[in-house]
Amino acid sequence: MTRFRLLVAALSVLLIMSFSQPGNKAYAQSRSFGTDTIRFIGAKQGVNYDSSPTLGERWCWVTNQSNGTGWHGYWVSNAEIVPNPPEPIYGNALDEVAQLYAYNSSSAFSTYCPSVNPPGSDTPLAPLAQFRVFGKTDNPQCTAVNPCTSLVALGRSGTYAVTAPCSYIEVDLYDAGTYGTSSLPDGTRGNGGDWKGMSRMIHAMGRASWNATIFVAQNGWILTTVDDAGSVVKEQTTCPWTQPSGYHVHHDFHAFNYRDVVFVEQEYSPCAHQHGFALAQSDANG
Amino acid sequence: LKIKLRSRGGVQMLQSNSFRWLVLIIGLMIGIAVAAVTGSVPPFADRPHGVPPPPGQKATLTIPEAIADQAKPTFSGPLGEFLVTPRVAADFPPCPGPLKRTENYKFHELYSPVFGGRLEVYECANGIIPYVAQDYGGPGKRYFVGPAKVPYEGPLDRLVLLTIGGHSAIAQLPIPGFPRSLRIVAIERFPTSHLPGILVGVDNVDMSLKDAAATVARMMGVQP
């Protein structure tokens, strides 16, 4: 009986607290309810051949070359890099250019994924590198007319210092309900939270820092875009890729906490044209 | 049986206690129902709602401390043993192309066990391996010639000079509000007339400065 009384007392205190401070800090820090799926669309904008409002424009990826100098051509699960002798497959990475014309079986760069304009020139055909995602959730409280916040996107850009001097745009993704709730004792970091991963675009450069909020709904895909996240660049020499072999954006995703990030669409085929890639982001329930 | 043995007053007390518990339980159930309806308590909690911006939004910054940071002038110039050159990295020794992938790097002086295996390492046409790293963002080591340029981009108050195991180092503290943006570089070796210098470090990590310095120390095989 004593234990029962204690339980009732504890529950009562919790209830009183919940009503006395509606919308307080503790509420803001709680993990939100629902599982969200975030679908990334290619950084290079192409043409929407299907008139689909949710899949986005098509883009091309470029397959690995047999001589070892080729580009990443696979987008697979975030799991380990899969050895495929003699060429390892770099899972979780692909190189993309915008698809601007209908697919055909001949070389992509000279036909439907031209990269530069005119052919052979040094002028990128689609200079913008964009950050665009569609978001969906299984939480019925989030609707297309009243969508919920899912992730905080923190974008930054620069040049790598201790490896290949390539330009990058990195976008860290935090659970919107927990962002800003942790820090390190020495003050060298603040505003952390439940990190969900990082979307990265290499060979592109933008402003030093920006932020955006990614929204989700249960009854439709909600589009979040940052159209001027950056522009494609030529790169310094000794970055593994430099012009004139074709402007492109290397796109990958880093998620070291694999538990929360799984792919719902896996693209193993080195197809020359694809819509996009996606990942599911578990947003709640521990 | 015990109740029967109690006095009349004792039975009344028990009835009174039971009534209080009944009221408490009913109250509790009403509270849970209200919480569920109002969405004020997890797991009934409603999620924050908002209006997504229309397609085509521009990159904006709305984090106050980051806005204040960006308003400060970006530092450029010499700082300690380094030359801060925003978005421009240090020069490599001559590296004629085309670059070629190589798997022969584990006994190279730029390799550290901290990097792990299965690395994407390139070799110049003259046989030089310009850098070895776990990822483009490091941790990694690279050769350099000329001044020790770092491509850091930020105000002076986020650039910190330090010494790691006797080696000069520089850190770019995180952009306020951007936790995973600590960068650190140390000079493991200065270039000479016949040897390129070596830079070692990591970009954009979610670490304390102390832990990042310890990682760099491990890569150089020194005590922090």
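Here is the naming used below: chain letters follow the sequence lines, and residue numbers restart at 1 for every chain.
- Counting only heavy atoms from C-beta outward, the side chains of A/Val162 and B/Met219 never approach each other to under 4.5 Å.
- If you measure heavy-atom distances from B/Val202 to chain A, the contacts under 4.5 Å come from the backbone alone.
- A side-chain donor from one of A/Tyr168 and B/Asn204 sits under 3.5 Å from a side-chain acceptor of the other.
- Between the side chain of A/Tyr160 and the backbone N or O of B/Gly138 there is no donor-acceptor pair closer than 3.5 Å.
- Taken from CG in A/Leu154 to CG in B/Leu61, the straight-line distance is 9.5 Å, to the nearest 0.5 Å.
- Between B/Tyr136 and A/Ile202, some side-chain heavy-atom pair lies under the 4.5 Å cut-off.
- A donor-acceptor contact shorter than 3.5 Å is absent between the side chain of B/Arg180 and the backbone of A/Met198.
- For chain A, the nearby part of B/Arg183 is the side chain; its heavy atoms alone come within less than 4.5 Å.
- Residues of residues 141-154 of chain B lying under 4.5 angstrom from chain A, judged on non-hydrogen atoms, are B/Lys141, B/Arg142, B/Pro151, B/Tyr152, B/Glu153 by number.
- Note that OG1 of A/Thr149 and NE2 of B/His49 are 8.5 Å apart. Values are rounded to the nearest 0.5 Å.
- Of all the heavy atoms in A/Thr163 and B/Gly137, the pair that sits closest is OG1-N, 4.4 Å.
- Ranking B/Gly140, B/Gly50, B/Pro86 against chain A, the residue ahead of the rest is B/Gly50, based on heavy-atom pairs under 4.5 Å.
- Under a cut-off of 6.0 angstrom, the local environment of CG in B/Asn126 is crowded, with over 12 non-hydrogen atoms contributed by other residues, nucleotides or ligands.
- For B/Asp69, no part sits under 4.5 Å from any heavy atom of chain A, backbone or side chain.
- Although no hydrogens or angles enter the test, the distance criterion places a donor-acceptor pair under 3.5 Å between the side chain of A/Asn211 and the main chain of B/Thr62.
- One distance of note links CE of A/Met205 with CZ of B/Arg87; it measures 5.0 Å at 0.5 Å rounding.
- The part of B/Val51 that comes within reach of chain A is its backbone (N, CA, C, O), which places non-hydrogen atoms under 4.5 angstrom from that chain.
- Within the 4.5 Å cutoff, no side-chain heavy atoms of A/Trp195 are placed close to those of B/Pro179.
- Partners of A/Thr224 under the side chain to side chain donor-acceptor pair (under 3.5 Å) rule, at least two apart in sequence or in another chain, do not exist in this structure.
- Rounded to the nearest 0.5 Å, atoms CZ (B/Phe178) and CG (A/Asp172) are 9.0 Å apart.
- Using a distance-only test at 3.5 Å, with no hydrogens or angles considered, a donor-acceptor pair links the side chain of B/Asp203 to the main chain of A/Ala161.
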